[in-house]
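Worksheet: one structure, shown below.
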Amino acid sequence: MNVLVIGANGKVGKHLIRLLGQHGAHRVKALIRKPDQAEALERLGAETVVADLEGTVGEIAAAIQGSDAVVFTAGSGGNTGADKTLLIDLDGAVKAMEAAEQAGIRRFIMVSALHAENREQWPESIKPYYVAKHYADRLLEASNLDYTILRPGGLTDDAGTGKVATGEDLTSRTISREDVAETVVATLEEKQTYRRAIDLVSGSTPIAEAIR
């Protein structure tokens with residue numbers, strides 16, 4: 001597959017670019033906001049294309065044209081205000097969905113957040129982030145895309161274990177960014193994950209088995 005990663009310069013994104021670059025069956029393209037981000041990502045095996053999530057849907061659609069799948073793992077980051085969270089994590093995500101539809105790309109994977117669907121469990125300290133994830137997920141679910149929503153727990157920089165837990169009765173609350181990226185790769189071509197949301201934390205089940 002030709003896989004387009006939005007948010008490639010983030011921590012999950014860089015793991016994902018590396019893993020896809022090493023994968024014999026996929027080609028990976030990174031959507032970046034600044035040209036000076038290109039060199040490091042190209043060293044990891046990606047082509048790069050420049051577009052801004054605060055730009056137009058048409059500009060994003062032109063940048064992602066020719067891809068078979070889009071992975072959205074972009075975020076405004078913890079050092080920005082609620083305004084940027086709404087512009088990137090919500091409106092940027094929706095523009096990416098609209099761009100995918102405009103470009104004729106059906107496969108779309110969203111990296112969301114654990115319990116984004118349940119307002120009762122949103123942490124007060126980052127509520128705007130959860131608002132953005134909640135409504136982006138809902139709009140994706142209402143789209144015609146072959147989506148999968150991955151809802152990882154708290155993200156860590158620990159080395160990946162290659163093992164996760166999915167489902168409703170989850171004992172862990174965290175997961176490594178590397179394992180999230182590996183789960184995205186495993187999910188790309190698994191049709192039984194289409195039009196589903198999957199909670200995801202660290203666990204004891206090999207990723208490929210958990211996704212199957």
Side-chain angles (χ1 to χ4, degrees), residues 1-10 12-13 15-33 41 45-75 88-113 116-117 132-152 164 166 180-200 207-208 210-212:
M1 297 179 77
N2 293 317
V3 184
L4 186 286
V5 179
I6 300 177
N9 203 51
V12 172
H15 282 299
L16 183 55
I17 293 294
R18 175 180 54 80
L19 291 169
L20 287 168
Q22 294 169 351
H23 199 293
H26 301 311
R27 294 178 60 191
V28 59
K29 183 181 286 186
L31 188 144
I32 56 176
R33 189 166 60 89
L41 293 168
E47 298 177 43
T48 56
V49 60
V50 178
D52 193 334
L53 289 175
E54 294 187 57
T56 68
V57 172
E59 290 166 351
I60 299 168
I64 70 176
Q65 190 76 41
S67 302
D68 300 309
V70 172
V71 179
F72 189 93
T73 183
I88 301 300
D89 299 67
L90 176 52
D91 195 41
V94 175
K95 285 179 182 176
M97 299 169 207
E98 293 173 355
E101 291 178 326
Q102 195 174 112
I105 302 164
R106 292 197 58 83
R107 186 71 174 116
F108 196 104
I109 296 179
M110 172 73 78
V111 179
S112 182
E117 80 286 5
K133 290 298 186 187
H134 177 82
Y135 286 101
D137 289 359
R138 285 179 61 170
L139 287 164
L140 182 54
E141 289 169 337
S143 76
N144 293 317
L145 296 168
D146 292 328
Y147 69 82
T148 302
I149 299 170
L150 295 176
R151 292 180 174 147
V164 297
T166 62
V180 173
E182 190 173 335
T183 304
V184 171
V185 176
T187 302
L188 276 167
E189 296 186 272
E190 292 291 352
K191 291 188 177 181
Q192 69 270 25
T193 70
Y194 285 14
R195 304 194 69 80
R196 292 186 64 180
I198 301 169
D199 293 342
L200 187 69
I207 287 171
I211 291 303
R212 283 196 299 270

Show your working on side chain to side chain contact (heavy atoms under 4.5 Å, CB included) between Arg107 and Thr148 and close with a plain yes or no.
CA-CA 8 Å; Arg107 186 71 174 116; Thr148 302; 3.0 Å; yes
Any donor-acceptor N/O pair, Arg106 side chain to Asp68 backbone, under 3.5 Å
no
Might you confirm whether atom CZ of Arg18 has over 12 heavy atoms from other residues, nucleotides or ligands at distances under 6.0 Å?
yes
With rounding to the nearest 0.5 Å, note down the distance linking OG in Ser112 to CD1 in Ile149.
6.5 Å
If you define the side chain from C-beta out and look only at heavy atoms, does anything of Val180 sit under 4.5 Å from Thr73?
no
For the OG1 atom of Thr48 and the CG atom of Leu41, what is their distance to the nearest 0.5 Å?
7.5 Å
Any side-chain to backbone donor/acceptor pair from Lys95 onto Leu53? Under 3.5 Å, distance only.
yes
d(Leu188 CG, Thr193 OG1) to nearest 0.5 Å is 8.5 Å
Counting N and O atoms only, with roles assigned by atom type, does the side chain of Arg195 sit under 3.5 Å from a partner on the main chain of Glu141, one being a donor and the other an acceptor?
yes
For the pair Val3 and Leu16, evaluate side chain to side chain contact (heavy atoms under 4.5 Å, CB included) and give the outcome as yes or no after the intermediate values.
CA-CA 10 Å; Val3 184; Leu16 183 55; 6.0 Å; no
Please confirm whether the backbone N or O of Asp52 pairs with a side-chain atom of Arg33, one donor and one acceptor, at under 3.5 Å?
no
Say you draw a straight line from CE of Met97 to CG of Asn144; how long is it, rounded to the nearest 0.5 Å?
12.5 Å
Locate the shortest heavy-atom distance separating Ala100 from Phe108; write the atom from each residue and the value.
CB-CD1, 4.1 Å
Quick check against the 3.5 Å criterion: does Lys133 have a side-chain atom that pairs as donor or acceptor with the backbone of Glu117?
no
I want to check something: taking the side chain as every heavy atom from C-beta on, are Asn2 and Lys29 in contact at a cut-off of under 4.5 Å?
no
Nearest-0.5 Å distance that lies between atom OG1 in Thr187 and atom CD1 in Ile109
5.5 Å
In this structure, NE2 of His23 is separated from CE of Met1 (nearest 0.5 Å) by 10.5 Å
